[in-house]
Every structure is written in C-alpha cells, then in structure tokens.
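A short worksheet on the structure shown next.
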Protein chains: 2
Amino acid sequence: MARARKTSAPPAPTNAEPLDTSVLEGLIGYNARRAAIAIGGVFFERMAPYGLTQADFSVLALLAHNPGATSRQLCATLDILPPNFVNLIAALDRRGLIERRPHPRDGRAVGLHLTEAGHALAQETEKVVVELENELAGRLTERERTTVQRLLQKFYLRAER
Amino acid sequence: MARARKTSAPPAPTNAEPLDTSVLEGLIGYNARRAAIAIGGVFFERMAPYGLTQADFSVLALLAHNPGATSRQLCATLDILPPNFVNLIAALDRRGLIERRPHPRDGRAVGLHLTEAGHALAQETEKVVVELENELAGRLTERERTTVQRLLQKFYLRAER
DNA sequence: TATTGTTATACTCTATAACTATA
DNA sequence: TATAGTTATAGAGTATAACAATA
C-alpha cells in the first residue's frame with residue numbers, strides 16, 4: 001500500500017509536479033468514483049458507434065433478460081427517477097429498439113419489450129461491453145475480478161443487512 | 001458468485017417484482033458506478049452540515065497536504081476541467097477557507113493555501129469522512145478493504161502500465 | 001508558441017412538484 | 001388513498017471555444 005511521502009513534507013510543488021494524493025487514495029468513495037468515471041469514459045468511446053449511454057445499455061440488457069418489465073421496475077432497479085426515465089424510454093422507442101405493450105394485469109402500467117432490432121443491438125453491445133470489461137480487468141487476476149465485484153456490491157445492494 | 005435464475009426464464013415479472021440483474025452485476029463498470037453513487041449519497045448527507053461537495057472536500061484535503069498547489073495541479077489531479085474549477089475555488093475563497101497568493105516562480109499561476117478556518121474545516125471533515133468510510137467498510141475485512149482500494153486504483157491511475 | 005487562469009455558454013444529468021388514469 | 005406514467009422545470013455537473021496575461 002504505502003503511498004509515498006506523507007511524513008516528510010513535500011518541497012512546495014511546482015506547476016507540473018504531481019500532488020500527494022495519499023489521503024484521497026485511502027478512501028473507498030474516492031477510488032470508486034474515480035474508477036467509475038474512468039471506466040465510463042472508455043464505455044462511452046466504445047458505445048459511440050451504437051449511440052448508447054450507460055443507462056441506455058443497462059435498460060436494453062435488463063429488457064433482454066426481463067421481457068415485459070415496466071418503467072417502474074427498471075427505475076427501481078437502476079435507481080433512476082421516473083421523470084428522468086421518460087425521455088430515455090421515448091428515445092429507445094423512436095429508434096425502434098423497444099415496444100410498449102399494455103400490461104396484462106395492470107391498466108396503469110406498460111410492459112416494455114425489445115423489438116427484433118432491439119434484441120440484435122442488445123446482443124451485439126453486450127458482446128462489446130464484455131470484451132471491454134475483459135480488457136479492463138486484464139490487470140486483475142480472475143480471483144481479484146470477482147472479489148472486487150462482490151465487494152462493490154456490498155455498498156449498493158441492500159441485501160440482507 | 002452465481003447470481004440466481006438466468007437459466008429458467010423468469011415468469012414475466014409483475015410490477016413490484018425485482019428484475020434479474022445478473023448480467024449487469026457481472027460488470028465492473030456497473031458495480032463501480034452504483035457503488036460510487038451510493039457512497040456519494042451518504043457522503044452528501046454527512047457533509048451537509050459543512051456545505052462541502054465531494055469535489056470541495058477533495059480540494060481542501062489536497063491543499064492540506066499540498067500547500068501552495070495551483071489550480072492547474074488540482075485540476076490535473078482530480079480530473080476537473082479548468083473552467084469548471086473557477087467557481088469552485090471562488091466559492092471556497094468567498095467562504096474564507098482558502099487564500100490565493102502569487103506563485104513564487106510563475107507569474108501566471110496562483111498558489112492556493114488553506115486559511116486558519118480552512119485548516120480547521122479540512123481537519124474536521126477529514127475525521128468525519130474517515131469515520132464514514134469506517135462504517136461503510138464495516139462489511140469488509142481489513143484485507144478486503146485494502147484489496148478493493150488497490151484494485152480500483154488500477155482503473156484510473158495510469159501508473160506504469 | 002505554449003500555458004495559467006478566466007469568461008461565456010451549451011448540453012447533459014439529476015431532482016421536485018404536480019397532473020392523469022387507473023388500482 | 002396509492003401507484004404508473006407523464007409534464008414542466010430548476011439546478012448541478014460537465015463540455016468547448018475563446019480571451020488576457022505571462023512564460
């Protein structure tokens with residue numbers, strides 16, 4: 001761990017000199033945020049050809065495995081506020097990637113389904129993302145990879161706590 | 001790991017039913033993002049009495065250990081664009097937490113320093129954040145805690161790769 | 001010519017209040 | 001009365017272009 005000089009005061013950094021970041025790098029919140037932003041940047045680049053944000057991709061991926069899910073379910077799962085979900089869904093609909101069908105047991109709700117094109121895009125982008133993840137995780141052993149996933153989930157999955 | 005039903009198709013979820021999130025939870029990017037958001041929410045609550053965002057806190061913490069650092073250095077370290085840094089610094093200045101002094105060796109630059117009040121606030125909020133981190137990390141062993149930090153840093157620290 | 005700090009500005013993301021139609 | 005979906009809107013965060021002062 002030992003994150004460099006924290007004992008002997010650094011000699012007043014000049015403009016291009018790096019700063020002592022040992023305090024921040026000891027914080028899980030800081031590390032998670034920086035990692036998420038960095039990974040998000042790569043995600044954005046790779047998804048540019050498909051025009052999908054992280055949220056878009058998450059919705060398609062969820063619908064691929066949860067056909068007929070409602071906006072309410074997707075919002076709850078992804079922690080998105082319903083008003084902010086409307087445009088996202090509308091855009092996917094306009095692109096012909098999803099279809100809204102009346103919910104079989106609730107007249108208020110709308111069941112969301114992937115179209116043929118939506119299925120194809122979900123499948124292709126999922127492959128791209130998995131490949132991206134494999135590259136990113138290249139610096140980690142298989143064991144480290146599953147470990148970091150499990151540990152991160154403890155912070156946002158309410159589970160049985 | 002095994003993240004529940006992925007084989008047998010779920011029976012068309014009803015409105016309150018949880019969705020199958022196994023695909024997303026296998027992605028480090030997704031997990032890092034969700035964890036960062038969750039931790040950020042708790043951070044926001046605890047820092048509300050001090051009126052500090054994560055960025056504000058990061059700047060104060062860095063200045064506490066890097067007196068005289070310039071905006072350019074802080075921007076590079078925290079990955080903030082200079083135009084977005086101006087208001088942040090100006091607000092800290094208005095609150096009397098930092099001081100801008102002419103840079104000893106570069107007339108273009110400004111050396112940033114914590115004031116007495118800034119030092120006090122940095123010290124107090126650092127204690128609060130460390131306590132918060134200890135609570136969050138309570139579900140992790142000490143070894144897991146250092147592991148997750150080290151692994152996350154691999155994604156955003158360019159290091160020797 | 002390049003860099004530091006800055007202004008102006010636009011675009012995205014996120015958050016709240018309030019409405020409608022169904023339950 | 002409560003919930004699903006929606007509208008309008010405000011605020012925060014993030015992005016680019018362009019400028020003055022200094023290197």
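Chain naming here is simple, since letters A, B, ... match the order of the sequence lines and numbering starts at 1 in each.
Projected onto DNA chain C by closest heavy-atom contact, A:T53 and A:G107 fall at different nucleotides, the more 5' of which corresponds to A:T53. Each of A:P83 and B:S71 lies near DNA chain C, and the nucleotide nearest B:S71 is the one positioned closer to the 5' end. Each of B:L81 and A:V86 was assigned the nucleotide of DNA chain D with the nearest heavy atom; the assignment lying further toward the 5' end belongs to A:V86. Both A:I37 and A:F85 lie close to DNA chain D; mapped to their nearest nucleotides by heavy-atom distance, the more 5′-ward contact belongs to A:F85.
Going from atom CZ of B:R100 over to atom P of C:dT4 covers 16 Å, rounded to whole Å. Rounded to whole Å, the distance from CG on B:L112 to P on C:dT4 is 13 Å. The CG atom of A:N84 sits 11 Å away from the C1' atom of C:dT12 (whole-angstrom rounding). Following rounding to the nearest Å, B:D93 (CG) and C:dG5 (C1') show an atom-to-atom distance of 14 Å. Atom CG in B:N87 sits about 13 Å away from atom C1' in C:dG5, given to the nearest Å. The CZ-C1' distance, from A:R108 to D:dA2, rounds to 8 Å in whole Å. Rounded to whole angstrom, the span from the CD1 atom of B:I89 across to the P atom of C:dT4 amounts to 15 Å. One can place CZ of B:R105 at 18 Å from P of D:dT22, the figure rounded to the nearest angstrom.
Judged purely by distance below 3.5 Å, without hydrogens or angles, the side chains of A:E124 and A:Y50 pair a donor atom with an acceptor atom.
No more than 12 heavy-atom neighbours from other residues, nucleotides or ligands sit within 6.0 angstrom of CZ on A:F44.
Put simply, the residue from A:E133, A:E131, A:E135 that forms a salt bridge (charged side-chain N to carboxylate O under 4.0 Å, His left out) with A:R46 is A:E135.
The pair A:R34-A:E25 fails the salt-bridge criterion, with no side-chain N (NZ, NE, NH1 or NH2) lying under 4.0 Å from an Asp/Glu carboxylate O.
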